[in-house]
Asker: 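Take this structure, written in structure tokens, and hold onto it; I'll ask about it next.
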Amino acid sequence: VQLVESGGGSVQAGGSLTLSCVASEFIYSTYCMAWFRQTAGEEREGVAAIVDDGNTTYADSVKGRFTISQDNAKNTLNLHMNSLKSEDTATYYCAAKRGRYDCYAGSPSLPYGMDHWGQGTQVTVSS
């Protein structure tokens, strides 16, 4: 499975961006897909996660501002980001794994359990 992100860029604080992640194929009947972000010197953190039945979870820092969604017909995962803040500046990655275990955006172990990763896309929010 190859994951390719797009949609990153520069935006002013308060603005919006939508990130997309296209999967080359999807072979899992049950799965977890998630968006992560990372800044220099920091660990990768979960932002939003979704499982095959559509249930979603979010990091506290983005609740009410970010929305994760999937378009199964297009093998696409999206992250709609509104009311962006300077602290949202980071490289954003999408990832996927088989099964739903531990698929919570706030789980510190989630990054270590993902099987497939995209290359990342930069989001820069200026204040």
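For this chain, numbers begin at 1 and follow the sequence in order.
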Asker: Cluster question for you: counting only ILVMFWY and a side-chain heavy-atom cut-off of under 4.5 Å, with indirect links fine, are Leu79 and Ile50 together?
Answerer: yes
Asker: Evaluate the ring-ring contact (aromatic ring centres under 6.0 Å, His included) criterion for residues Trp117 and Phe36: first the C-alpha distance (whole Å), next the side-chain angles of each, then the deciding distance (0.1 Å), finally the verdict.
Answerer: CA-CA 10 Å; Trp117 289 88; Phe36 298 83; 4.9 Å; yes
Asker: Judged by atom type as modelled, is there a donor-acceptor pair below 3.5 Å linking the side chain of Thr89 to the main-chain atoms of Ser86?
Answerer: yes
Asker: Evaluate whether atom CD of Gln119 has more than 12 neighbouring non-hydrogen atoms of other residues, nucleotides or ligands under 6.0 angstrom away.
Answerer: yes
Asker: Are Lys85 and Asp88 ion-paired here, with the side-chain N under 4.0 Å from a carboxylate O?
Answerer: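 Looking at Asp88 together with Lys85, the answer is no, because their closest N to O distance does not fall below 4.0 Å.
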Asker: Any donor and acceptor pair, going by atom type alone, linking the side chain of Ser24 with main-chain N or O of Gln2 inside 3.5 Å?
Answerer: yes
Asker: Do Cys21 and Trp35 come within less than 4.5 Å of each other through their side chains, counting heavy atoms only?
Answerer: yes
Asker: For the pair Asp115 and Arg98, find out whether any cationic side-chain nitrogen is under 4.0 Å from an anionic carboxylate oxygen.
Answerer: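 No salt bridge links Asp115 with Arg98.
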Asker: What's the separation between atom OG1 in Thr56 and atom CZ in Phe66, rounded to the nearest 0.5 Å?
Answerer: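 Atom-to-atom, Thr56:OG1 and Phe66:CZ are 14.0 Å apart.
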Asker: Return yes if some donor-acceptor pair links the side-chain N/O of Arg65 with the main-chain N/O of Ser83 below 3.5 Å, else return no.
Answerer: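 Checking the backbone N and O of Ser83 against the side chain of Arg65, a donor-acceptor pair under 3.5 Å is found.
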Asker: Does Val47 share a hydrophobic cluster with Val123, counting links as ILVMFWY side-chain heavy atoms below 4.5 Å and allowing steps through other members?
Answerer: yes
Asker: Establish, from distance only, whether the side-chain atoms of Thr91 and Gln122 form a donor-acceptor pair under 3.5 Å.
Answerer: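 The answer is yes; a qualifying pair exists.
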Asker: Between Val62 and Leu17, is there shared hydrophobic-cluster membership here, with clusters defined by ILVMFWY side-chain heavy atoms closer than 4.5 Å?
Answerer: yes
Asker: Do side-chain atoms of Thr121 reach the backbone of Ser6 as a donor and acceptor pair under 3.5 angstrom?
Answerer: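 A pair under 3.5 Å: no.
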Asker: Honestly curious: do Leu3 and Ile68 fall in one hydrophobic cluster under the side-chain, below-4.5 Å linking rule?
Answerer: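 The answer is yes; both residues are in one hydrophobic cluster.
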Asker: Of Glu5, Glu45, Glu43, which is the lone residue that meets salt bridge (Lys or Arg N to Asp or Glu O under 4.0 Å) with Arg37?
Answerer: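 Option passing the salt bridge (Lys or Arg N to Asp or Glu O under 4.0 Å) with Arg37: Glu45.
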Asker: Can you find a heavy atom in the side chain of Tyr93 that is under 4.5 Å from one in the side chain of Arg44?
Answerer: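 Yes; the side chains approach each other to less than 4.5 Å.
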Asker: Does a side-chain heavy-atom distance below 4.5 Å link Cys32 with Met114?
Answerer: yes
Asker: Would Thr30 and Asp52 satisfy side-chain hydrogen bond (donor to acceptor under 3.5 Å, both in side chains), going step by step from the backbone distance to the final call?
Answerer: CA-CA 6 Å; Thr30 60; Asp52 52 278; 4.8 Å; no
Asker: Is Val125 linked to Tyr58 within one hydrophobic cluster, defined over Ile, Leu, Val, Met, Phe, Trp and Tyr using a side-chain heavy-atom separation of less than 4.5 Å?
Answerer: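 Yes: a chain of side-chain contacts under 4.5 Å links Val125 to Tyr58.
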Asker: Just checking, any donor-acceptor pair under 3.5 angstrom between side chains of Asn78 and Ser20?
Answerer: yes
